[in-house]
Each structure stands twice: as structure tokens, then as C-alpha cells.
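This one's a predicted model, so the numbers in the text were calculated from it and none came from an experiment.
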Number of protein chains: 2
Amino acid sequence: MTDDERYMQLALHEAMKANEIGEIPIGCVIVSRGQIVGRGHNLTESLQDVTAHAEIQAITAAASTLGGKYLTDCTLYVTMEPCVMCAGAIGWAQIRRLVYGAADTKKGYRVYAPQALHPKCQVVSGVMEDECKELVQTFFKIRR
Amino acid sequence: MTDDERYMQLALHEAMKANEIGEIPIGCVIVSRGQIVGRGHNLTESLQDVTAHAEIQAITAAASTLGGKYLTDCTLYVTMEPCVMCAGAIGWAQIRRLVYGAADTKKGYRVYAPQALHPKCQVVSGVMEDECKELVQTFFKIRR
């Protein structure tokens with residue numbers, strides 16, 4: 001198992017926490033120099049707040065842990081391709097590495113805001129893609 | 001003075017609160033059926049959190065006031081054109097009317113994510129543009 005897969009598995013654990021409380025199961029961890037500095041999972045229903053995406057929670061947590069708002073040294077792992085809002089936040093935080101699991105062809109940033117990330121941000125996609133995708137697909141299959 | 005100007009003036013008051021504490025002076029109010037349901041001003045430095053933009057604070061506040069995450073009936077007034085992140089949040093909240101003061105040609109959503117808002121969102125720009133722009137320009141003139 002690669003480091004990216006190991007951290008994505010932790011992001012999947014976050015996603016499962018969302019799943020358990022009836023939230024669309026998306027999870028995120030932020031890693032700085034081998035340490036988890038922020039975690040988050042989708043809480044939009046629980047908080048009744050559209051801004052409560054996994055990435056936003058994790059970015060706020062990481063900035064608090066590190067004591068600064070720029071997360072230049074960090075890698076953000078998220079189970080699903082970030083939306084426009086989250087890509088904008090990842091850009092503002094100057095995160096230089098983004099790793100996501102499943103693509104989001106409907107609401108993903110690549111369609112709506114392909115330039116939202118920092119120009120030096122390296123993007124890796126498809127890490128544990130099947131597990132990330134299946135979790136969300138199962139969630140919707142049960143509910144819709 | 002039109003209703004839009006009156007509410008933009010309240011957004012400007014929010015921006016001045018940011019100014020007083022050394023934050024880039026951007027302010028926001030959200031109005032539902034003639035009532036202010038959310039306010040916010042930029043707090044990115046105070047909170048050391050890139051997600052603490054005026055619009056994000058105001059959206060969270062409005063959802064809390066109204067008891068629901070969709071702000072379909074609301075107009076969001078903000079002194080500066082929203083960034084990608086905030087436009088994404090405005091889109092998720094399904095806000096149907098956005099009024100902003102000054103354009104942001106560098107970081108505004110119209111360049112980076114022109115489709116981020118709800119497709120039915122009406123956009124009005126340039127309301128009290130000079131006052132909104134001057135506040136930010138003066139902020140940077142003093143500091144840089």
C-alpha cells in the first residue's frame with residue numbers, strides 16, 4: 001500500500017463517519033510532513049449549511065493545527081473530486097498537492113473552475129477510486 | 001436611495017468592521033423578504049482561515065436564522081465580486097439574486113468560474129461601486 005493509499009483510507013474512514021449519520025459520504029484528511037493536521041467529513045445536513053463540506057472542515061482544522069492559514073506544505077486527500085467552492089478554498093490555502101479518489105463529472109471543479117487551484121498544485125486522481133465511488137453510489141442507491 | 005443601495009450600505013458597514021480590525025474590507029448581508037437574515041465580514045486574518053470570507057460567514061448565519069440550508073428566496077449583497085469559493089457556496093445555497101459593488105478582475109468568479117452560480121441566479125453589479133472599491137483601495141494604499 002502506497003502512502004497515498006494509506007492516507008486515502010483515512011479519508012475513507014472520515015467518509016464513513018458521514019455515512020453513519022446520513023450525510024453524503026465524503027471524507028478528507030490533510031497531511032503535512034507525514035502528520036495528519038486536519039480531518040473533515042461532510043456535515044451539510046447535520047449543520048444545515050452548504051459550506052460544511054469535508055474539505056472546508058479539514059482546511060479550517062489544518063490551519064488551526066498549524067497556526068497559519070497557508071497550507072503550502074500540505075497534501076489534501078479527499079474521496080471525491082472537490083466542487084468549485086472547495087477548489088477555491090484549496091486554491092486560497094495554496095495547497096500544493098491534491099489527491100482525490102473518484103471523479104465528480106457533475107459538480108467537480110474540473111468542469112466549472114479548472115483554474116481554481118494554485119498554479120503549482122500537483123493533482124493526483126483515481127486513488128482508491130472504486131472504494132470512494134462505491135460508498136457514494138451505495139448511499140444514493142439506498143435513498144433514491 | 002433604492003433598496004439595493006440601502007442594503008449595499010449595510011454590507012459596506014460590515015466591510016468597515018473588517019477594516020477596523022485590519023482585515024481586507026469586504027462585507028456582506030443576506031436579505032430575505034425585506035429582513036436581514038445573515039451578515040458577515042472578512043475574518044481571514046483574525047481567524048487565520050482562508051475560508052472565512054464575508055459571504056461564507058453570511059451564508060452560514062442566514063442558514064442558521066432561516067433553519068434551512070437553501071437560501072432560494074434570498075438576495076446576497078456583497079461589496080466585492082465573489083471569488084470562486086464564495087460563488088460556489090452561493091451556488092450550493094441556490095441563492096437567486098446576487099448584488100455586488102466592485103468588480104474583482106483578478107480573483108472574481110466571472111473569470112474563473114462563470115457557471116458557479118445557480119442557473120436562475122440574477123446578478124446585479126456596480127451598486128455603490130465607487131464606495132466599495134475605494135474602501136479596498138485605501139486599505140491597500142496604506143499597507144503596501
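- Looking at A:Thr44, both its backbone and its side chain come within 4.5 Å of chain B, counting heavy atoms on both sides.
- Residue B:Lys17 qualifies as enclosed at atom NZ: its count of foreign heavy atoms under 6.0 Å is above 12.
- Residues B:Gln48 and A:Gly68 share a closest heavy-atom pair of OE1-CA, 3.4 Å.
- One hydrophobic cluster, built from ILVMFWY side chains closer than 4.5 Å, cannot hold both B:Ile59 and A:Leu47; they sit in different ones.
- Within a 6.0 Å sphere centred on NZ of B:Lys133, other residues, nucleotides and ligands contribute 12 heavy atoms or fewer.
- Taken from OG1 in A:Thr51 to CD in B:Glu55, the straight-line distance is 12.0 Å, to the nearest 0.5 Å.
- By the 6.0 Å contact criterion, CD on A:Glu134 is open, its count of non-hydrogen atoms from other residues, nucleotides or ligands being 12 or less.
- For CZ of A:Arg33, the number of neighbouring non-hydrogen atoms (other residues, nucleotides, ligands) closer than 6.0 Å is 12 at most.
- Annotation: maximal heavy-atom pairing with chain B below 4.5 Å, among A:Gln115, A:His53, A:Glu45, A:Lys69, occurs at A:Lys69.
- Proximity to chain B (any heavy atom under 4.5 Å) is shown, for A:Thr60, by both the backbone and the side chain.
- Using a 4.5 Å heavy-atom cutoff, the side chains of A:Tyr112 and B:Pro114 are not in contact.
- The minimum heavy-atom distance between A:Val84 and B:Ala116, with the atom names listed, is CG1-CB, 4.0 Å.
- Neither B:Val29 nor B:Leu66 shares a network with the other; the hydrophobic side chains, linked directly or stepwise wherever heavy atoms of I, L, V, M, F, W or Y lie under 4.5 Å apart, form separate groups for each.
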